[in-house]
Amino acid sequence: QVQLVESGGGLVQAGGSLRLSCTASGRTFSSYNIAWFRQAPGKEREFVAAITWGGGTTYSTNSLKGRFTISGDNAKKTVYLQMNSLQPEDTAVYYCATDRTPYRSGVISAPAQYDYWGQGTQVTVSS
């Protein structure tokens, strides 16, 4: 049984920062890419960032580069999303998910390619 648990969400003022954590269990952590997605009310789930298996490479959506940074700690089986200069439009539920294919080369941004998801953590940015 694969389990992903997110934490670190909350309410923050515009310009503030948050760090989200995603801790995995039940799967060889270092064999699968892990991604962060977000979903705002009434919108589709959106790819945010990903880190490749083994933590070798990171990817971020172009519009978020420079503000959001993904990182991982294999020993803790945890992936982080550091979010800086938060804006009201960043308000969403943030999810982490594992790629369904082990040792994938590169990153897929389509949610359908991820098979296990956390429960989500709410991030609310006030203006």
Side-chain angles (χ1 to χ4, degrees):
Q1 181 82 19
V2 177
Q3 189 171 23
L4 300 173
V5 178
E6 302 104 334
S7 62
L11 174 64
V12 64
Q13 289 188 334
S17 297
L18 285 174
R19 189 177 80 157
L20 307 183
S21 300
C22 169
T23 300
S25 62
R27 172 175 274 181
T28 305
F29 180 79
S30 58
S31 302
Y32 294 83
N33 298 346
I34 294 183
W36 284 98
F37 290 81
R38 68 184 183 182
Q39 189 165 20
K43 294 189 176 181
E44 293 186 353
R45 195 161 294 191
E46 173 189 22
F47 174 84
V48 172
I51 187 165
T52 57
W53 57 272
T57 309
T58 61
Y59 298 81
S60 297
T61 297
N62 285 337
S63 62
L64 299 176
K65 284 182 179 177
R67 295 198 299 123
F68 288 19
T69 304
I70 189 171
S71 61
D73 185 332
N74 281 342
K76 295 183 178 180
K77 297 185 178 182
T78 299
V79 172
Y80 304 99
L81 184 68
Q82 179 67 43
M83 306 186 295
N84 298 327
S85 302
L86 284 162
Q87 301 300 315
E89 53 266 34
D90 296 318
T91 294
V93 178
Y94 285 71
Y95 301 89
C96 62
T98 62
D99 197 321
R100 63 177 67 251
T101 301
Y103 305 112
R104 185 191 298 275
S105 176
V107 162
I108 301 294
S109 62
Q113 296 304 318
Y114 294 82
D115 55 355
Y116 290 101
W117 295 78
Q119 81 287 353
T121 185
Q122 176 71 46
V123 171
T124 303
V125 184
S126 63
S127 57

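Heavy atoms only: backbone and side chains are in, while hydrogens, waters and symmetry mates are out.
Counting heavy atoms from C-beta outward, Leu20 and Val123 have side chains that approach closer than 4.5 Å.
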**Asked** Run the side-chain contact (heavy atoms from CB on, under 4.5 Å) check on Val12 and Met83 step by step: do they pass?
**Response** CA-CA 11 Å; Val12 64; Met83 306 186 295; over 6 Å; no
**Request:** Output, in order, the C-alpha distance, side-chain angles, deciding distance and verdict of side-chain contact (heavy atoms from CB on, under 4.5 Å) for Asn33 and Tyr59.
**Result:** CA-CA 11 Å; Asn33 298 346; Tyr59 298 81; over 6 Å; no
**Request:** Tell me, with the steps shown, if Tyr80 and Asp73 meet side-chain contact (heavy atoms from CB on, under 4.5 Å).
**Result:** CA-CA 8 Å; Tyr80 304 99; Asp73 185 332; 4.1 Å; yes
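A donor-acceptor contact closer than 3.5 angstrom links the side chains of Thr23 and Thr78.
A donor-acceptor pair under 3.5 Å links the side-chain atoms of Thr91 to the main chain of Val125, judged by distance alone. Here the side chain of Thr69 pairs no donor or acceptor atom with the backbone of Gln82 at under 3.5 angstrom. Under a 3.5 Å cut-off, the side chain of Glu6 and the backbone N or O of Cys96 do form a donor-acceptor pair. In terms of modelled atom types and a separation under 3.5 Å, the side chain of Thr58 and the main chain of Ile51 share no donor-acceptor contact.
Heavy atoms only, all atoms of each residue included: Ile34 and Ile70 are closest at O-CD1, 4.0 Å. Residues Gly120 and Val93 share a closest heavy-atom pair of CA-CG1, 3.8 Å. Shortest non-hydrogen contact noted between Ser85 and Ser17 is N-OG, 4.2 Å. Heavy atoms only, all atoms of each residue included: Gly9 and Thr121 are closest at N-OG1, 3.1 Å. Residues Val2 and Gly26 share a closest heavy-atom pair of CG2-O, 3.7 Å. Looking at every heavy atom in both residues, Pro88 comes nearest to Ser126 through CG-C, 4.5 Å.
Between Phe37 and Trp117, the ring planes are tilted. Angles from 30° to 60° get that label.
Paired with Tyr95 under the rule side-chain contact (heavy atoms from CB on, under 4.5 Å), one option of Gln119, Arg38, Gln39 passes, and it is Gln39.
Atoms NZ and CD, on Lys77 and Gln3 in that order, are 12.0 Å from each other to the nearest 0.5 Å. Once rounded to the nearest 0.5 Å, the distance linking OG of Ser127 with CD of Glu89 reads 10.0 Å.
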Donor-acceptor contacts under 3.5 Å from residues 100-108 side chains, at least two apart:
{"residue": "Arg100", "atom": "NE", "partner": "Ala112", "partner atom": "O", "Å": "3.2"}
{"residue": "Arg100", "atom": "NH2", "partner": "Ala112", "partner atom": "O", "Å": "2.9"}
{"residue": "Thr101", "atom": "OG1", "partner": "Arg104", "partner atom": "NH2", "Å": "3.2"}
{"residue": "Tyr103", "atom": "OH", "partner": "Ser31", "partner atom": "OG", "Å": "3.1"}
{"residue": "Arg104", "atom": "NE", "partner": "Asp99", "partner atom": "OD1", "Å": "3.2"}
{"residue": "Arg104", "atom": "NE", "partner": "Asp99", "partner atom": "OD2", "Å": "2.5"}
{"residue": "Arg104", "atom": "NH2", "partner": "Asp99", "partner atom": "OD1", "Å": "2.9"}

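Cluster membership for Phe47 and Val79, using ILVMFWY side-chain heavy atoms within less than 4.5 angstrom, is not shared. Taken together through direct or relayed side-chain contacts under 4.5 Å among Ile, Leu, Val, Met, Phe, Trp and Tyr, Leu18 and Trp36 form part of one hydrophobic cluster.
Not a single salt bridge (charged side-chain N to carboxylate O under 4.0 Å, His left out) links Arg19 to another residue, sequence neighbours left out.
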